Undergrad: 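I'd like to ask you about the structure that follows.
Along the sequence shown, residues are numbered consecutively beginning with 1. These numbers come from a predicted model, not from an experiment.
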Amino acid sequence: MTSLVFDDQVFNREVPFCRVYSLEGKEKLEKLFLKNRISYYIEWQDRSFVSRIFAGDKQKEKNMFTIRINEADVEKATELVRGIESVKLKKCKEN
(Lines give C-alpha, C1' and ligand atoms only; values in the text may rest on other atoms or scores of the structure.)
Protein backbone atom coordinates (compact mmCIF):
# COMPACT_ATOMS: atom_id res chain seq x y z
CA MET A 1 0.00 0.00 0.00
CA THR A 2 1.31 3.43 -0.92
CA SER A 3 0.98 6.48 1.31
CA LEU A 4 0.52 10.02 0.14
CA VAL A 5 3.11 12.59 1.19
CA PHE A 6 2.07 16.27 1.39
CA ASP A 7 5.24 17.91 2.68
CA ASP A 8 5.62 21.67 2.11
CA GLN A 9 2.24 22.04 0.41
CA VAL A 10 -0.24 24.70 1.44
CA PHE A 11 -3.92 23.95 1.03
CA ASN A 12 -5.56 26.69 3.06
CA ARG A 13 -5.55 29.70 0.74
CA GLU A 14 -8.33 31.55 2.57
CA VAL A 15 -7.93 35.31 3.00
CA PRO A 16 -10.02 37.94 4.80
CA PHE A 17 -11.88 39.62 1.94
CA CYS A 18 -14.26 42.16 3.45
CA ARG A 19 -16.30 43.28 6.43
CA VAL A 20 -20.06 43.62 6.32
CA TYR A 21 -21.93 45.85 8.77
CA SER A 22 -25.57 44.82 8.26
CA LEU A 23 -27.64 41.66 8.08
CA GLU A 24 -29.14 42.78 4.78
CA GLY A 25 -25.69 43.33 3.29
CA LYS A 26 -24.54 39.91 4.51
CA GLU A 27 -27.54 38.17 2.97
CA LYS A 28 -27.07 40.05 -0.30
CA LEU A 29 -23.38 39.10 -0.39
CA GLU A 30 -24.15 35.45 0.38
CA LYS A 31 -26.64 35.24 -2.51
CA LEU A 32 -24.16 36.95 -4.82
CA PHE A 33 -21.34 34.55 -3.91
CA LEU A 34 -23.57 31.48 -4.21
CA LYS A 35 -24.85 32.60 -7.62
CA ASN A 36 -21.27 33.10 -8.85
CA ARG A 37 -19.89 29.92 -7.25
CA ILE A 38 -17.51 31.64 -4.82
CA SER A 39 -16.76 29.68 -1.67
CA TYR A 40 -16.86 31.78 1.51
CA TYR A 41 -16.71 31.61 5.30
CA ILE A 42 -18.42 34.10 7.61
CA GLU A 43 -16.98 35.13 10.99
CA TRP A 44 -19.62 36.85 13.09
CA GLN A 45 -18.55 39.43 15.70
CA ASP A 46 -20.62 41.47 18.12
CA ARG A 47 -19.55 45.09 18.16
CA SER A 48 -19.13 46.78 21.52
CA PHE A 49 -21.30 49.71 22.47
CA VAL A 50 -18.28 52.05 22.50
CA SER A 51 -17.18 51.02 18.98
CA ARG A 52 -20.71 51.68 17.68
CA ILE A 53 -20.75 55.17 19.25
CA PHE A 54 -17.49 56.20 17.56
CA ALA A 55 -18.22 54.49 14.23
CA GLY A 56 -19.39 56.38 11.17
CA ASP A 57 -23.10 56.67 10.34
CA LYS A 58 -23.09 53.63 8.05
CA GLN A 59 -21.40 51.38 10.62
CA LYS A 60 -23.56 51.89 13.75
CA GLU A 61 -25.30 48.51 13.55
CA LYS A 62 -24.69 45.98 16.30
CA ASN A 63 -23.42 43.18 14.04
CA MET A 64 -20.22 42.98 12.05
CA PHE A 65 -19.20 40.08 9.81
CA THR A 66 -15.80 39.26 8.34
CA ILE A 67 -16.07 37.34 5.07
CA ARG A 68 -13.18 35.05 4.12
CA ILE A 69 -12.77 33.64 0.60
CA ASN A 70 -10.18 31.70 -1.38
CA GLU A 71 -7.42 33.98 -2.64
CA ALA A 72 -8.02 32.79 -6.22
CA ASP A 73 -11.50 34.38 -6.14
CA VAL A 74 -10.49 37.81 -4.78
CA GLU A 75 -10.41 39.60 -8.14
CA LYS A 76 -13.76 38.22 -9.28
CA ALA A 77 -15.40 38.91 -5.90
CA THR A 78 -14.06 42.48 -5.83
CA GLU A 79 -15.84 43.23 -9.11
CA LEU A 80 -19.07 41.66 -7.82
CA VAL A 81 -19.31 43.64 -4.56
CA ARG A 82 -18.76 47.10 -6.00
CA GLY A 83 -21.69 49.32 -5.05
CA ILE A 84 -22.85 47.41 -1.97
CA GLU A 85 -22.88 50.13 0.71
CA SER A 86 -22.50 48.01 3.85
CA VAL A 87 -19.42 46.14 2.53
CA LYS A 88 -15.91 47.38 3.27
CA LEU A 89 -13.14 45.57 1.38
CA LYS A 90 -10.00 44.55 3.23
CA LYS A 91 -6.61 44.94 1.61
CA CYS A 92 -5.24 41.47 0.91
CA LYS A 93 -1.50 40.92 1.19
CA GLU A 94 0.17 39.57 -1.92
CA ASN A 95 2.61 36.67 -1.48
Side-chain angles (χ1 to χ4, degrees):
M1 179 157 219
T2 310
S3 64
L4 297 173
V5 179
F6 295 109
D7 294 332
D8 298 328
Q9 293 184 4
V10 177
F11 293 99
N12 183 8
R13 305 300 267 180
E14 192 176 86
V15 295
F17 174 66
C18 67
R19 285 207 171 139
V20 181
Y21 296 95
S22 72
L23 289 173
E24 296 83 18
K26 180 186 79 71
E27 290 171 2
K28 189 174 187 179
L29 194 62
E30 282 182 287
K31 289 178 184 176
L32 188 64
F33 282 172
L34 288 172
K35 181 179 178 183
N36 290 280
R37 304 179 62 92
I38 295 176
S39 177
Y40 63 92
Y41 173 75
I42 299 174
E43 294 175 356
W44 178 62
Q45 299 128 356
D46 261 340
R47 296 183 66 199
S48 70
F49 179 72
V50 175
S51 71
R52 282 185 278 144
I53 289 174
F54 293 110
D57 290 340
K58 295 180 183 177
Q59 299 176 359
K60 287 196 177 191
E61 295 210 17
K62 183 177 180 181
N63 299 314
M64 179 173 65
F65 308 93
T66 299
I67 310 294
R68 300 177 65 84
I69 64 172
N70 187 294
E71 69 181 358
D73 294 326
V74 169
E75 189 175 321
K76 180 180 179 182
T78 302
E79 291 298 320
L80 292 171
V81 301
R82 288 193 199 279
I84 301 176
E85 291 181 20
S86 61
V87 174
K88 181 180 178 193
L89 294 178
K90 295 184 78 112
K91 294 181 181 177
C92 298
K93 295 179 181 176
E94 299 286 330
N95 287 342

Undergrad: State which residues pass side-chain hydrogen bond (donor to acceptor under 3.5 Å, both in side chains) with Glu79; sequence neighbours excluded, sorted by chain then number.
TA: Arg82
Undergrad: Taking the side chain as everything from C-beta on, heavy atoms only, tell me whether Asp73 gets closer than 4.5 Å to Phe17.
TA: no
Undergrad: Look only at the side chain of Asn36 and the backbone of Ile38, and say whether a donor-acceptor pair between them is shorter than 3.5 Å.
TA: no
Undergrad: Would you please name every residue forming a side-chain hydrogen bond (donor to acceptor under 3.5 Å, both in side chains) with Lys26, sequence neighbours left out?
TA: Glu30
Undergrad: For the pair Thr66 and Cys18, evaluate side chain to side chain contact (heavy atoms under 4.5 Å, CB included) and give the outcome as yes or no after the intermediate values.
TA: CA-CA 6 Å; Thr66 299; Cys18 67; over 6 Å; no
Undergrad: For residues Phe33 and Ala77, report the shortest heavy-atom separation together with the two atoms involved.
TA: CE2-CB, 3.8 Å
Undergrad: Tell me, do Thr78 and Leu80 make a side-chain contact under 4.5 Å, heavy atoms counted?
TA: no
Undergrad: Measure the CD-CZ distance between Glu71 and Arg13 for me, rounded to the nearest 0.5 Å.
TA: 4.0 Å
Undergrad: When rounded to the nearest 0.5 angstrom, what is the spacing between CZ in Phe65 and CG in Leu29?
TA: 11.0 Å
Undergrad: Answer whether the closest heavy-atom distance between the side chains of Val20 and Ile84 falls below 4.5 Å.
TA: no
Undergrad: Please report the interatomic distance CG(Leu23) to NZ(Lys28), rounded to the nearest 0.5 Å.
TA: 14.5 Å
Undergrad: Less than 4.5 Å apart, any side-chain heavy atom of Arg68 and any of Glu43?
TA: yes
Undergrad: I'd like to know if Tyr41 and Tyr21 are part of one continuous hydrophobic network [Ile/Leu/Val/Met/Phe/Trp/Tyr, side-chain heavy atoms within less than 4.5 Å].
TA: no
